[in-house]
There are 2 protein chains.
Amino acid sequence: MDDTASGGAAARILSAAEELFAARGFAGVSARDIAERAGEKKASVFYHFGSKPELFQRVLERYYAAHAEALGSASAGPGDARERLHRLIDAYLDFAEDHEAYMRLVQHEIAAGSEFLPEVQRGLALLLDRVQAILADLVPATGPLSARQFFLTFSGIVNAYQVFAPALGPLWGEDPRKTGARRERRAHVHWVADALLAGLEGERRRA
Amino acid sequence: MDDTASGGAAARILSAAEELFAARGFAGVSARDIAERAGEKKASVFYHFGSKPELFQRVLERYYAAHAEALGSASAGPGDARERLHRLIDAYLDFAEDHEAYMRLVQHEIAAGSEFLPEVQRGLALLLDRVQAILADLVPATGPLSARQFFLTFSGIVNAYQVFAPALGPLWGEDPRKTGARRERRAHVHWVADALLAGLEGERRRA
DNA sequence: GTCTATATCTCGATAGAC
DNA sequence: GTCTATCGAGATATAGAC
């Protein structure tokens, strides 16, 4: 059994590393910081995980698994394209709300051109697959209205709120993490999805 | 005259810092790294800029000024809301293409919860202002269709391509920096803008 | 498995010759 | 203004007692 699954020292270190890496990035966190937050000694970090880069990979892997699981069932079920798209959006938003630290971490590492990029790409590839499956009969295979363009657009829309809004602070007015603010954002994203579907419908009628 | 404007040692250091901070964030770059890329000695970095945080602020300020200038004229001119919105989008896309390193840097620092966030917020506040001025008579003042929601949505859409697409690599198929790929993305963003404007038009007719 | 202690390195920053 | 040399702090990582 994986010793990081239960409540031992390794699990506490992994959780602490998760929070700190997400908050300050790979380079901004030291093994001492992680040990302190975990309530362990620094040497214990190296005993359980070998090195700082290895610990970071473990953090990424753990989240990747959670992300894949969250999206797995949401989009595969019954319903037409519109219903499945809205379910996928909700699943993505749910996951983003429950794993804010992860969203920041991924955003951080992608922006940094991280050496751990291959791990991140696996997660994105899965999501692109889902979107392509849903949009397959609504959009052209290539060009400005292809599935990959919409995938990138929706990723940006969801991530922007999760990562940017808290940083906007006074610019945004209210705390973006409050329930009311989240509900408003969710309504916005669903409205956008419907507006784009209506636009695609117009394109199909025209053709 | 500013000694960083011409081609002296200070200018080379500033350019090197710009690239490295954008690639790896503030904490991921050392003064030695910067000096080496600039072809200067480490002591020269401190002589010209005092400290690493001061150098970083200089990098941010330089870009902030360029960003403000780029958006200033684009959205203020004549035309109806649709025309001005498309001009703003083009200006943003132009700037993003010409200053890819800056986009990554801002994204990086926001995701990291940087201590330099106030500087970044000034740039975002300006853009939010522009969007609000353009959308003022098209959208409600509050709620899911308010200007700030669309601002965040469009920021996400533009940033996603600039920051995510290059990281997607093989997932994307072709090099996102090639002219053809950029033209396709630009057409996509303008199409999205028109679809959302059509949706807003529908809302207004319904009310 | 978990500690203390420490080896070794690199960091930001400075002093002082030139 | 630009160099070499170096400081003290804090980093990763390891050795070895328990």
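Note on naming: letters A, B, ... go to the chains in the order of the sequence lines (proteins, then strands), and numbering restarts at 1 for each one. FYI, side chains are in, hydrogens and waters are out, and symmetry mates aren't considered; it's all heavy atoms of this structure.
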Participant: I'd like to know if A:Arg24 and A:Glu19 make a salt bridge, using a cut-off of under 4.0 Å between side-chain N and carboxylate O.
Facilitator: no
Participant: Do B:Thr153 and A:Arg185 get their side chains close enough for a donor-acceptor pair, meaning under 3.5 Å?
Facilitator: yes
Participant: Of the residues in residues 21-35 of chain A, which ones touch DNA chain C at a heavy-atom distance under 4.0 Å?
Facilitator: none
Participant: Write down the distance between CZ (B:Phe49) and P (C:dG12), rounded to a whole number of angstrom.
Facilitator: 15 Å
Participant: List for me each residue that meets salt bridge (charged side-chain N to carboxylate O under 4.0 Å, His left out) alongside A:Arg62, sequence neighbours excluded, and say none if there are none.
Facilitator: A:Glu18
Participant: Any idea how A:Phe21 and A:Phe26 line up, ring-wise: parallel (<30°), tilted (30 to 60°), or perpendicular (>60°)?
Facilitator: parallel
Participant: Could you state the atom-to-atom distance from CZ of B:Phe56 to P of C:dG12 in whole Å?
Facilitator: 13 Å
Participant: May I have the distance from B:Phe46 (atom CZ) to C:dG16 (atom C1'), rounded to whole angstrom?
Facilitator: 17 Å
Participant: So, for A:Phe164 and A:Trp172, is the gap between ring centers shorter than 6.0 Å?
Facilitator: no
Participant: Once you round it to whole Å, what is the distance between C1' of D:dA11 and NZ of A:Lys52?
Facilitator: 8 Å
Participant: B:Glu69: which residues meet the salt bridge (charged side-chain N to carboxylate O under 4.0 Å, His left out) condition with it, sequence neighbours left out?
Facilitator: none
Participant: For A:Arg177, give me all partners under side-chain contact (heavy atoms from CB on, under 4.5 Å), at least two apart in sequence or on another chain.
Facilitator: A:Glu100, A:Pro166, A:Asp175, A:Arg182
Participant: In whole angstrom, give the distance that lies between atom CD1 of A:Ile13 and atom P of D:dA13.
Facilitator: 14 Å
Participant: Restricting to nitrogen or oxygen on both sides, can you table the protein-nucleotides 2-4 of chain D pairs closer than 3.5 Å?
Facilitator:
| unit_1 | atom_1 | unit_2 | atom_2 | d |
| --- | --- | --- | --- | --- |
| D:dT2 | OP2 | B:His48 | NE2 | 2.8 |

Participant: Apply ring-ring contact (aromatic ring centres under 6.0 Å, His included) to A:His99 and list each qualifying residue two or more places apart in sequence or on a separate chain.
Facilitator: A:Tyr63, A:Phe95
